[in-house]
Amino acid sequence: MLIPIIQDYYREGRLPVPRHRVLIPFFPNCNLSVRRSVFDSVGDYDEELKAAEDSDLCRRAAINGFSLFFEPSARVFHACRPNLSSLFRQWYSYGYWSAMVYRKHMENKIEVYSSIGPVPRVNSFSRIISIRRFPFPVLCFLTYFAWVCAAGLTALLMLAAGSAYGAAAAGIFLAFYLGYLYLKHPVIRGLGFRNKTAFLLISAFINLSCVAGSLLGGFRNRMLYIFSGI
């Protein structure tokens, strides 16, 4: 399923609530148990959402004072997606429907968050741009995938423009950053070469699916929304 939201994202205990409203952590439905008092207080799932309804519920619960607790000893068995087409639909829908969720919780018209680590944990995001007034909402979550793509594209554009030094600088940055991600990623380190390659290719595939969904979901909600995946 490639959602490293349990063993890689959280430690045992109550989840800390980040400073920024839009970054409130959540659990996916496949690993979630909710007290009846939460529904009585904050309401049921938003039935307009075809995905990301779990993050919406958790955010409403956290904003209203409820704690989210991670218990690593609990075990849940969940079927993975059987092929690439269903995996694309899954991650496309995450990006598409989360636009509606995040727009409800934005504090400013423009908010841009960045995480350069190999696992974009909720608490690792830093807000790098915040603008209160703007004609339409803009929300971007820039993970390592976005920075790798940006560095690669910059190197190609510099090369096309005839700037060998600029292309070399972008290429060196890309090489060192990829090396850092390779050494620090908690999943990649324990895999053989063949499985490493498969993991990287599938990760790139689902991240692209998520970006595509977020762009179209943002357009549907009259905002610029970019979520560059896990």
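Everything numeric in this text was worked out from a predicted model, so none of it was measured. The figures here come from the full heavy-atom set of this structure, side chains too, leaving out hydrogens, waters and symmetry mates.
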How are the rings of His185 and Phe199 set relative to one another: parallel (under 30°), tilted (30 to 60°) or perpendicular (over 60°)?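 Rings of His185 and Phe199: perpendicular, as their planes differ by over 60°.
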Looking only at side-chain N and O atoms, does [Y] offer a donor or acceptor that is under 3.5 Å from a partner on [X]?
{"X": "Ser86", "Y": "Asn83", "result": "yes"}
{"X": "Tyr45", "Y": "Asn29", "result": "yes"}
{"X": "Asn64", "Y": "Ser41", "result": "no"}

Under 4.5 Å between any side-chain heavy atoms of Phe70 and Phe27, yes or no?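 Yes. Closest side-chain heavy atoms under 4.5 Å.
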Is it the case that one hydrophobic cluster holds both [X] and [Y], taking links as side-chain heavy atoms less than 4.5 Å apart, direct or via other members?
{"X": "Leu215", "Y": "Ile110", "value": "yes"}
{"X": "Val112", "Y": "Ile24", "value": "no"}
{"X": "Leu216", "Y": "Ile206", "value": "yes"}
{"X": "Phe125", "Y": "Val148", "value": "no"}
{"X": "Leu181", "Y": "Leu200", "value": "no"}

Qualifying side-chain hydrogen bond (donor to acceptor under 3.5 Å, both in side chains) pairs with a residue from residues 134-158, counting only residues at least two apart or across chains: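 side-chain hydrogen bond (donor to acceptor under 3.5 Å, both in side chains) check on residues 134-158 returns Ser114-Trp147, Thr143-Ser228.
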Could you give all pairs that pass the side-chain hydrogen bond (donor to acceptor under 3.5 Å, both in side chains) test and reach residues 209-224, with sequence neighbours left out?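 Output for this query lists Tyr96-Arg220.
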For atom [atom1] of [X], is the number of surrounding heavy atoms from other residues, nucleotides or ligands below 6.0 Å larger than 12?
{"X": "Phe134", "atom1": "CZ", "value": "yes"}
{"X": "Phe39", "atom1": "CZ", "value": "yes"}
{"X": "Glu48", "atom1": "CD", "value": "no"}
{"X": "Ile116", "atom1": "CD1", "value": "no"}
{"X": "Phe69", "atom1": "CZ", "value": "yes"}

Given 3.5 Å as the limit, does a donor-acceptor pair link the side chain of [X] with the main chain of [Y], or not?
{"X": "Asn195", "Y": "Leu191", "value": "no"}
{"X": "Ser98", "Y": "Val101", "value": "no"}
{"X": "Thr197", "Y": "Phe193", "value": "yes"}
{"X": "Lys196", "Y": "Ile188", "value": "yes"}
{"X": "Arg60", "Y": "Asp44", "value": "yes"}

Ring centre gap for Phe173 and Tyr177 strictly below 6.0 Å: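 Yes, they do, as the ring centres are separated by less than 6.0 Å.
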Check: Tyr113 ring centroid to His20 ring centroid under 6.0 Å: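 Tyr113 vs His20: aromatic centres under 6.0 Å.
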Of all the heavy-atom pairs spanning [X] and [Y], show the shortest one and how long it is.
{"X": "Ala155", "Y": "Gly171", "value": "CB-N, 4.2 Å"}
{"X": "Val138", "Y": "Met106", "value": "O-CE, 3.5 Å"}
{"X": "Ile131", "Y": "Arg133", "value": "CG2-O, 3.3 Å"}

Can you measure from CG (Asp40) to CZ (Arg36) and round to the nearest 0.5 angstrom?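 So the CG of Asp40 and the CZ of Arg36 are separated by 5.0 Å.
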Does the pair Glu111/Arg21 count as a salt bridge with the N-to-O cut at 4.0 Å?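 So Glu111 does not pair with Arg21 through a salt bridge.
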Using a strict threshold of under 4.0 Å (side-chain N to carboxylate O), is an ion pair present between Asp46 and Lys104?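 Looking at Asp46 together with Lys104, the answer is yes, because their closest N to O distance falls below 4.0 Å.
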Quick one: which of Phe141, Phe26, Phe227, Trp97 gives a ring-ring contact (aromatic ring centres under 6.0 Å, His included) with Tyr102?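 Of the listed options, the one satisfying the test is Phe141.
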